[in-house]
Amino acid sequence: MFLTLRAEFEDALADALTEAGYPATDLGIEQPPVDRDAVLASNVAFRLASQVGEPPAAVAEEIAAAFPLADCSYVGRVETAGPYLNAHPSERYFAETLLAAGDPDYGRRPDRETSVVVEHTSANPTGPVHVGRARNPIIGDAVARVLAYAGYEVDRHYYVNDAGRQMAVFTWAYETFDEAELPEPERDKPDYELVRYYRRGTTFLEEGPEEAVEAAEAEIQSLMQGLEEGEQAAYDRVAAVADSVLEGMRQTLGRLPAEFDEFVRETRFMRDGSTDELAAQLEDTEYAVYQNDAWQLDFDEWGIDKNLVFLRSDGTSLYTTRDIAHHEWKFETYDRAVTVLGEDHKLQADQLRATLDLLGRDVDRLENVVYSYVTLPEGGMSTREGTGVDLDDLLDEAVSRAREEVETRLDDRTRGELTDADVERIARQVGIGAVRFDIVAKQPTKAITFEWERALDFEAQSAPYVQYAHARACGIIEQAESEPAPEAADPAALTSEATRELLSTLARFPAVVETAAETLRPHKVATYARECADAFNRFYRERRVLEADGEVYAARLALVLAARRTLANALDAVGVAAPESM
RNA sequence: GGGCGUGUGGCCUAGCGGACAGGGCGAGAGGUUCCUAACCUCUCGAUCGCGGGUUCGAAUCCCGCCACGCCCGCCA
């Protein structure tokens, strides 16, 4: 509803400006501060005043007088406040918001008939997912969800780097070392079991006797060569390791939840010949240079002073070469491609983009979401070195703390009994939701230092805060004597500031989804969910629903339903569960 | 050295050209005969890293500097 109102205000304001004899460019539309009950405002008067040489407030008055209010159905009133022009909503705006927000699909935008692939996580399958990497699946999944809400057809991909040296080392280590000489696995899961070989192998290569290391290196080299030449046996050996580890990682990521439509293997683009084809194509471009026996691309024209080697002197391809072939495939298959990647991959991403550009692809279809890693107070996390906090441990701890919370509240409950299974489910929704929300609510480019207490705060501004507001709304509806009936409710019965403010907040949800999707910033939805919970909690404290009568009761109950839907969908759009009771 | 990113009360964070910079944590004071107090209300606390500039107007844009992070491999 807000989107419609904004469009209406823009048109009417443009008309008013023309009518008053001003140019209708740059309408200066903004959101007024929270303490104003206007929904939209314009600051055009500032600019026009300096052009015309009149005081801004006088110009604002002039525009207000010319404002075609009669043509508007959602803008009910326009007022000046000094130099500002404030638009107040009509009763119809509130009525339609109440109706729209009661829909289970509230916030979902119409189908755009545009497919987009969101690639995220794509961590090398070397071991358990640790918290340092956890931002990627959480942001990635939220980006995918927000895009889906905004009307895109979304596929989620995990790109598996199964062709690199790391995986060759891992495979060699797995085939070489005996389980008997390894420590006990930290968990009974394939990723935890296998990472022991990987750690053992890398340690051996660093510290082992020179001759043995050389022999190992030869074996690793031959494995990589096998992959490059398309030997089935080589693929099978690597896949045996990669698939097992990946399965363990998939289980952990599924807890967030972060699920994938497809695990796209790097080796796929070697086996189908597309990497070789691409390399040949690149050699023929005017940006290709042959230096030091290796084929490279020169990106001066793109302002990148670092050449990209796309064929080694031995003629083999590199990770980035394969990734370019991978992206050519994405471009053929999807309308848009979004990649969520760590800040350390930025240069590579810029080179990838430049390469696609020089190949004549429309690189506007490719967008990146870049995030910084989560670090520990003492430094970064590493799978190879085994430093860091495993995501499984963080989630377990979050769930267990949430369970304690639920259990201490059990005695104070006034509504319904909870079974043990309910308690467990709620603990999981709340605990994992808290971790997830904490990450998704922050701008990805900001660095995060991991601290248990901060990651597991269940109070204000957290997921549980929003979830709690949702559960309250559910509680009211559950105990109401009649079903909420938005179509029969009259918002005129909603008179208090708190009710009006809540309704105004709910009205903005579709616009928030739109902006978040456009800018690929799911944290905007998280911020909004918090604002919704704030508005609902204030309403909850000030106005009783179940004790009201007649029109007021019906209107408030409809408002509660609207808030419930909005809160549930805002949480869903960032991938946080919305329990009906907690 | 070059490139990219970040710098907002003690701590975390929103805002990224417009109305006195919003929240939360923390500290303090209140609030439940009433729909779940994981809540609400009030108080305390900010040279928006520093210095210039553009503008009627700058946390927001430009330039310089400082601090921190990341990258600058025929690794991934």
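Every chain is numbered from 1, with letters handed out A, B, ... down the list of sequences. These figures come from a predicted structure and were not determined experimentally.
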Discussion item. Regarding B/rA19, can its base be found pairing with the side chain of A/N86 as donor and acceptor, where the two atoms are less than 3.5 Å apart?
Written reply: yes

Worksheet item: Looking at B/rC20, does its base get a donor-acceptor pair with the side chain of A/D35 below 3.5 Å?
Response: yes

Over how many whole Å does the gap from [X] atom [atom1] to [N] atom [atom2] extend?
| X | N | atom1 | atom2 | answer |
| --- | --- | --- | --- | --- |
| A/D534 | B/rU41 | CG | C1' | 13 Å |
| A/Y465 | B/rC40 | OH | P | 4 Å |
| A/Q31 | B/rA21 | CD | C1' | 16 Å |
| A/L347 | B/rC75 | CG | P | 15 Å |
| A/W302 | B/rC72 | CH2 | C1' | 19 Å |
| A/F458 | B/rC25 | CZ | C1' | 15 Å |
| A/F46 | B/rA19 | CZ | P | 8 Å |
| A/D457 | B/rG26 | CG | C1' | 12 Å |

Tell me whether the side-chain N/O atoms of [X] come closer than 4.0 Å to OP1 or OP2 in [N].
| X | N | result |
| --- | --- | --- |
| A/Y540 | B/rA37 | yes |
| A/Q479 | B/rU36 | yes |
| A/R541 | B/rC34 | no |
| A/R47 | B/rU55 | no |

Item to complete: Using both distances under 3.5 Å as the test, list the Watson-Crick or G-U wobble partner of B/rA76, or none.
Response: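 The base-pairing partner of B/rA76, which may sit in any strand shown, does not exist here.
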
Response to the item:
pair_partner(B/rU54), Watson-Crick or wobble, both distances < 3.5 Å, evaluates to none

Determine the contact category for [X]: base if any of its heavy atoms lies under 4.0 Å from a base atom, sugar-phosphate if only primed atoms, P, OP1 or OP2 are that close, otherwise nothing.
| X | result |
| --- | --- |
| A/P32 | base |
| A/M582 | base |
| A/V545 | base |
| A/A163 | nothing |
| A/T316 | nothing |
| A/V370 | nothing |
| A/S372 | nothing |
| A/R543 | base |
| A/N307 | nothing |
| A/R472 | sugar-phosphate |
| A/V34 | nothing |
| A/A471 | base |
| A/E30 | base |

Worksheet item: A/W295 vs A/F310 aromatic rings, parallel, tilted or perpendicular, using cut-offs 30° and 60°?
Response: tilted

Item to complete: Report the relative orientation of the aromatic rings in A/Y371 and A/Y373; use parallel for angles under 30°, tilted for 30 to 60°, perpendicular for over 60°.
Response: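 Geometry flag for A/Y373 against A/Y371: perpendicular rings.
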
Salt bridge check: are [X] and [Y] linked by an N-O gap of less than 4.0 Å?
| X | Y | answer |
| --- | --- | --- |
| A/R508 | A/E531 | yes |
| A/D26 | A/R47 | yes |
| A/R425 | A/D422 | yes |

Discussion item. Treating primed atoms plus P, OP1 and OP2 as sugar-phosphate and everything else as base, which nucleotides of nucleotides 6-15 of chain B get B, S or - for protein heavy atoms under 4.0 Å?
Written reply: SSB--SSSSS

Worksheet item: Expressed in whole Å, how much space separates the C1' atoms belonging to B/rG57 and B/rC40?
Response: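 Comparing C1' positions in B/rG57 and B/rC40 gives a spacing of 37 Å.
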
Worksheet entry | Contact nearer the 5' end of RNA chain B, comparing A/R165 with A/K346 |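 That would be A/K346.
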
Worksheet entry | 5' precedence on RNA chain B between A/P33 and A/I426 (nearest-nucleotide basis) | A/P33

Item to complete: List the steps and the verdict of side-chain contact (heavy atoms from CB on, under 4.5 Å) for A/S482 and A/Y553.
Response: CA-CA 10 Å; A/S482 55; A/Y553 168 80; 3.5 Å; yes

Practice prompt. Would you check, one step at a time, whether the test side chain to side chain donor-acceptor pair (under 3.5 Å) holds for A/E119 with A/S122?
Written response: CA-CA 7 Å; A/E119 180 200 325; A/S122 303; 3.0 Å; yes

Taking only distance into account, with no hydrogens and no angle test, what donor-acceptor pairs under 3.5 Å do side-chain atoms of residues 440-449 of chain A form with protein atoms, sequence neighbours excluded?
none

Worksheet item: Do you see a donor-acceptor pair shorter than 3.5 Å between the side chains of A/Y198 and A/Q166?
Response: yes

